[in-house]
Amino acid sequence: MTTVIKNGTIVTADLTYKADVLIEGGQIIEIGQDLKGGEVLDASGCYVMPGGIDPHTHLEMPFMGTYSSDDFESGTRAALAGGTTMVIDFALPSPGQGLMDALKMWDNKSTRAHCDYSFHMAVTWWSEQVFNEMKEVVDRGINSFKHFMAYKGALMVNDDELFASFKRCAELGAIPLVHAENGDIVAEMSAKLLAEGNVGPEAHAYSRPPAVEGEATNRAIMIADMAGVPLYVVHTSCEEAHEAIRRARMQGKRVYGEPLIQHLTLDESEYFNADWDHAARRVMSPPFRNKQHQDSLWAGLASGSLSVVATDHCAFTTKQKRFGVGDFTKIPNGTGGLEDRMPMLWSTGVNTGRITMNEFVAVTSTNIAKIMNMYPKKGAVLVGADADLVVWDPAKSKTISATSQQSAIDYNVFEGKEVTGLPRYTLSRGVVTVEDGTFKGREGHGEFVARQPGTPVGRALSTWKELTAPRPVSRSGIPASGV
Ligand code: DUC
Ligand code: ZN
Ligand code: ZN
Ligand code: ZN
């Protein structure tokens, strides 16, 4: 059976043109004029784009004494409803747990996925076992390893562990990811705030100012350079972190920054809402920032210094958030966004002129497909690519509300926002999973996407010349000439 998408305008990361798309066996088999097929989808007035890829989700994740409330079923249903056709979730070993053991748990959870998915593996502790298992993980098609520089006493790894793991990534051709916040300083500032009686959700923001993120981002960049690996910085939320990324890229380092749709569109005033639930529902790390930081992130998307827009989707119910009444450090960190990322970015970015349609496709899909080594299977409208597509209706509007969302939680951080630009159809490997707001997907349709490693480099880009030119060594072993 073939499917044809007719009368639409194809929008990719670099081209906009009118053509039909013919699909068979889950893949695009032809792009051209006046194509014929069995099932006909009308894209008049619409843009045909690569489906979104959200590279940062936490589905059914054990965290802060509970589990995030969207699992692979509700999470991927939300994704498709908003035009996202693939997620990359974090397999998270608890410290002491083997990586392959954690992977088995994530394999089991993900059997319910409605759309394709992949995993990043988290390195939450360090040992010879972890070192060895990283190779098995790469052989399983996972080429990215996540490191937490925060969550002291739980998930955080120290600099020596970061350096060891980054060097291992370099050997394996894998890319390290970092949650960049200085966990020692966050722990100290949190304890002080609590001791002074600052127990409410707004203290969460005070405990993690932009400086802790800027410092950790810069530190991770330098460590990655010494290890000779590229680096992907998740949830870049402020100018201080963005500045470190810009500087690194100007110096020729492969460093990628990932702002979240939440940080682009919601600001720190949310924490000063008189309603405790309102504020606590928005507690995530890093916290929302002020408007100057938002402007910095938008500028990064337009200029290319920031590469990807994600969600860090980690949804907790109001009941779960209330674990932190009387102690903000016990509010489970996380917000949702899977269903709203694409419509919110389109409405606040493309409709305002802050980013172009092609930049929209780049930052929601194509860039991450390239960085994570799955392009052009994903992130492309090309013959031979998977038919993960969204037929996007730029005239369709709605008001975001928890009452009509796919997510399992009881609120939405974007509640009341008007969006214009929504999917008419969302296709997962050629199958229509969403049609005009009606979900038609099938649980278990999603498949694991294996991602091959890149070419191992293992040499600092900033000192390339120095290392390739052997220097004379003195009798004492100290180089005879300086740099
Ligand atoms: N930040 C969150 O807000 N939730 C999940 C993990 C994280 O780093
Ligand atoms: Zn994080
Ligand atoms: Zn600042
Ligand atoms: Zn995260």
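Start at 1 and go down the list; that is how both ligands and their atoms are numbered.
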Min side-chain heavy-atom separation T76-Y117 under 4.5 Å:
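Side-chain contact under 4.5 Å: no.
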Which of N333, D312, D89 passes side-chain hydrogen bond (donor to acceptor under 3.5 Å, both in side chains) with H58? It is D312
Report task. Give a yes or no on this: more than 12 heavy atoms of other residues, nucleotides or ligands lie within 6.0 Å of atom NZ of K109. Result -> yes
Neighbour count above 12 (heavy atom, 6.0 Å) for Y47 OH:
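Counting neighbours around OH of Y47, 12 or fewer heavy atoms of other residues, nucleotides or ligands fall under 6.0 Å, so no.
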Contact set, ligand 1, heavy-atom distance under 4.0 Å, ordered by chain/number, equals H58, F63, Y151, H179, H235, M284, S285, D312, C314, N333, G334
Suppose the cut-off is 2.8 Å; which protein N/O/S atoms would you list for the Zn ion (ligand 4)?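 Checking every protein N, O and S atom gives H56 NE2, H58 NE2, D312 OD1.
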Kindly indicate, with the supporting measurements, whether the criterion side-chain contact (heavy atoms from CB on, under 4.5 Å) is fulfilled by I142 and R451.
CA-CA 6 Å; I142 296 169; R451 299 177 290 112; 4.2 Å; yes
Show your reasoning for whether side-chain contact (heavy atoms from CB on, under 4.5 Å) applies to W392 and M357.
CA-CA 11 Å; W392 192 261; M357 292 195 293; over 6 Å; no
Any sub-3.5 Å donor-acceptor pair from S127's side-chain atoms to V130's backbone N or O?
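Checked: pair present.
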query: How long is the gap from OG1 on T311 to CE on M344, to the nearest 0.5 Å?
result: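 Going from OG1 on T311 over to CE on M344, the span is 13.0 Å.
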Would you say the rings of H263 and H235 are close, in the sense that their centroids are separated by under 6.0 Å? no
